[in-house]
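Heads up, the thing below is written out as structure tokens.
Protein chains get the first letters and strands the later ones, always in sequence-line order, with residue 1 at the start of each.
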There are 2 protein chains.
Amino acid sequence: SGTGNGAAAGEGEDPALHSPVSGFTTERVLRDSAREKTLFVHGKIDDQEAIVILEKTPIRQDTVDEMLKTSTLKLEMKNDIYSTYQLQAPAHLNEIKTTVICPATEKHVKKYLRQETFLIEESGDDYTAITLPYISSQSFSVQWVYNILEKKAEADRIIFEDPDPNIGFVLLPDFKWDQKQLHDLYLIAIVHRKDRKSLRDLTSDDLPLLKNIQEKGQEAIKKQYGVPPSKLRVYLHYQPSYYHLHVHFTSLEYDAPGSGVERAHLLSDVIQNLQADSQYYSSRTITFPLCADNALLLRFKEAGKL
Amino acid sequence: SGTGNGAAAGEGEDPALHSPVSGFTTERVLRDSAREKTLFVHGKIDDQEAIVILEKTPIRQDTVDEMLKTSTLKLEMKNDIYSTYQLQAPAHLNEIKTTVICPATEKHVKKYLRQETFLIEESGDDYTAITLPYISSQSFSVQWVYNILEKKAEADRIIFEDPDPNIGFVLLPDFKWDQKQLHDLYLIAIVHRKDRKSLRDLTSDDLPLLKNIQEKGQEAIKKQYGVPPSKLRVYLHYQPSYYHLHVHFTSLEYDAPGSGVERAHLLSDVIQNLQADSQYYSSRTITFPLCADNALLLRFKEAGKL
């Protein structure tokens, strides 16, 4: 532990095999957050477009004592009872979660580029006239979702499955969660049926599906992680980031990105609203944020709606 | 720079001088944030009460290329064009800001202690049987609100007023906003009428009031700060922090505390819901978070609702 010196295993051959990012060249920073300690970089790996996402990992409670014992500290400031230091920890206690998308498309670049955002108010008619044609024309690939549902990828990550074709779903950790602490617990339930794009498609016919996700999802998380329903925020996004119905489960303690009132819809509210009015989500004006360069935003602008 | 070896001064004697936290023993974690990569720990250093605050540092753009070249990576997951790794960086590129408070008092401990929160599901009947008696029994003082409405306090902070006793309100900056930049813009509209405690009291009779706040509040903010409605998140809290009806206006760019889906209700949704069903907010089950030491939480527990 603590050699911390970058030598990937088995040197001497193709280094890209061992460290796929060692040949990465930065072109530009797409986004960074000093608050969240993340950085999104666009660049190239061996002539291929690539995006590298770096995120420092949460500080683990169970390693604090070891870390404080085995780190070096450099004094920065001392004033009365307060002092501050720069601590250098052994590398294995201080990892950086790294996500590589390669080859990356222009869409990926746009997705991660920090943009000005605007609130859109989409009426039911706007959905039919503007948003639905946009979704259809883009033919967004959800192949990676089908890979999961068909166990062609990430099968070992699934923590629960109800295989029923109508009300079934798979539950697995979101990419954003490293599963090392419960504080930022984040799981996704992906439904087996392929004919529900988003909240807008839901009617009272979907109540058995939604209640099943709520009950069995909460139960599986309680069983697997010991986290009870009173500690879970369960919600859908609108707009979602992909048009295959899915539900987010995040720890209440965790101020999860995308859990703001402008984008998230509590599953318990969705269920109640559909119980009272089957057409609630097809008829209501729904508010959501869109980035400045989002192609859907452009369509709302062209329609004179912004 | 870059010697990276923690020796504050004069080696060879008491090691505590060099690494003041090496003898730290953890008693309990006061707070942690997986999103911000911080951890607040209470413990002891040489029999003295101490608090250690750890915060990972932001990822510096100017060190990314060096970091990717000199780190080791461990593959975690690969699916199509996406792969994730655990990256171990050289220690000097991945420091942890460490703050030590020693000796720490009970006040310091309380300041940093995060209270556990729980989600409550309050039905319309629960409101009548549990929450309303609680609000009445507490007779929370809203004298400070009346002082604002009557210009006995903060009169110079009001940026807009509609004096109408039924649909009027005052609009002023929230205390949390220092007004030095628009990024974290935060204003509050406080209604003149004194007979609306919260969302639960609203019916379709209140639509003129709510629409007035939405329209004139947005207009005043556009005029005063140049921020258009498409950049504003406008919402109510439930539970509110005081039981006199008020509406929050925050910048969409600002991830404002309390703007999460578990506590915030978009004013535009509230208006639509009351248009469709005058009893929407008196009859629905509403979900909200409460801290462990909140007196209302205790009442829900006593009623067997948690």
Side-chain angles (χ1 to χ4, degrees), chain A residues 4 6 8 19 21-22 24 26 29 34-37 39 41 54 56 58-59 61 64-65 68-69 72-75 81-89 91 94-96 98-102 117-119 144 153-154 183-184 230 233 235 252 254-255 259-262 264 266 268 272 284 287, chain B residues 4-6 8 19 21-22 24 26 29 32 34-37 39 41 54 56 58-59 61 64-65 68-73 79-91 94-96 98-103 117-119 230 233 235 252 259-262 264 266 268 272 284 287 289:
Chain A
S19 176
V21 295
S22 64
F24 181 82
T26 297
V29 170
R35 179 175 172 194
E36 297 170 20
K37 285 77 183 179
L39 190 70
V41 192
L54 299 167
K56 297 210 175 177
I59 301 174
Q61 305 183 7
V64 167
D65 284 359
L68 292 180
K69 273 191 185 53
T72 61
L73 281 91
K74 194 167 61 185
L75 181 69
I81 61 170
Y82 303 95
S83 48
T84 65
Y85 304 85
Q86 283 295 346
L87 180 153
Q88 296 194 348
N94 191 19
E95 293 178 324
I96 296 174
T98 304
T99 302
V100 178
I101 304 172
C102 184
T117 57
F118 298 87
L119 275 190
W144 66 273
E154 304 185 54
H183 176 79
D184 59 338
S230 63
R233 193 191 288 113
Y235 54 98
L252 183 60
Y254 176 49
D255 190 17
S259 65
V261 66
E262 68 272 24
L266 283 184
S268 57
Q272 283 189 86
R284 291 306 169 96
T287 302
Chain B
N5 216 328
S19 179
V21 295
S22 66
F24 181 84
T26 297
V29 170
D32 69 346
R35 182 165 179 193
E36 296 169 19
K37 286 76 185 181
L39 190 70
V41 192
L54 299 167
K56 297 210 176 177
I59 301 174
Q61 304 184 6
V64 167
D65 283 359
L68 292 179
K69 275 193 181 54
T70 57
S71 295
T72 61
L73 281 94
N79 177 357
D80 193 40
I81 60 170
Y82 304 95
S83 47
T84 65
Y85 304 85
Q86 285 293 349
L87 180 152
Q88 297 193 348
N94 192 18
E95 293 180 324
I96 297 173
T98 304
T99 303
V100 178
I101 305 171
C102 184
T117 57
F118 298 87
L119 274 191
S230 64
R233 195 191 286 112
Y235 55 99
L252 184 60
S259 64
V261 66
E262 68 272 25
L266 282 185
S268 56
Q272 283 189 87
R284 292 306 169 95
T287 301

Taking all atoms of both residues into account, what is the closest heavy-atom pair of [X] and [Y], and its distance?
X     : Y     : result
B/F24 : A/D65 : O-OD1, 4.4 Å
A/E36 : B/K37 : O-NZ, 3.1 Å
A/A91 : B/A89 : CB-O, 3.9 Å

Name the region of [X], side chain, backbone, both or neither, that has any atom closer than 4.5 Å to a heavy atom of chain B.
X      : result
A/V29  : side chain
A/T117 : both
A/E154 : side chain

A/N94 vs B/K56, side-chain contact (heavy atoms from CB on, under 4.5 Å): CA-CA, chis, key distance, verdict: CA-CA 9 Å; A/N94 191 19; B/K56 297 210 176 177; 2.9 Å; yes
side-chain contact (heavy atoms from CB on, under 4.5 Å) partners for A/V261, two or more places apart: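 A/V261 satisfies side-chain contact (heavy atoms from CB on, under 4.5 Å) with B/R233, B/A264, B/L266 once adjacent residues are dropped.
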For B/S230, all residues meeting side-chain contact (heavy atoms from CB on, under 4.5 Å), sequence neighbours excluded: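 With neighbours one apart ignored, the set is A/F118, A/L306, B/P228.
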Taking every non-hydrogen pair under 4.5 Å, which of [options] racks up the most with chain B?
options                : answer
A/P58, A/S83, A/A153   : A/S83
A/D184, A/V41, A/V100  : A/V100
A/T84, A/I59, A/T99    : A/I59
A/W144, A/Y254, A/Y235 : A/Y254

Using 0.5 Å steps for rounding, measure from the [atom1] atom of [X] to the [atom2] atom of [Y].
X      : Y      : atom1 : atom2 : result
A/R284 : B/S268 : CZ    : OG    : 11.0 Å
A/L87  : B/E95  : CG    : CD    : 8.5 Å
A/K74  : B/T98  : NZ    : OG1   : 12.0 Å

Interface moiety of B/V64 toward chain A, non-hydrogen atoms closer than 4.5 Å: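 Answer is side chain: those atoms of B/V64 sit under 4.5 Å from chain A.
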Close side-chain approach of B/L39 and A/Q61, heavy atoms under 4.5 Å: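 Yes - at least one pair of side-chain heavy atoms lies under 4.5 Å apart.
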B/T26 side chain near A/L68 side chain, heavy-atom distance below 4.5 Å: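 Side chain of B/T26 against side chain of A/L68, heavy atoms only: no contact under 4.5 Å found.
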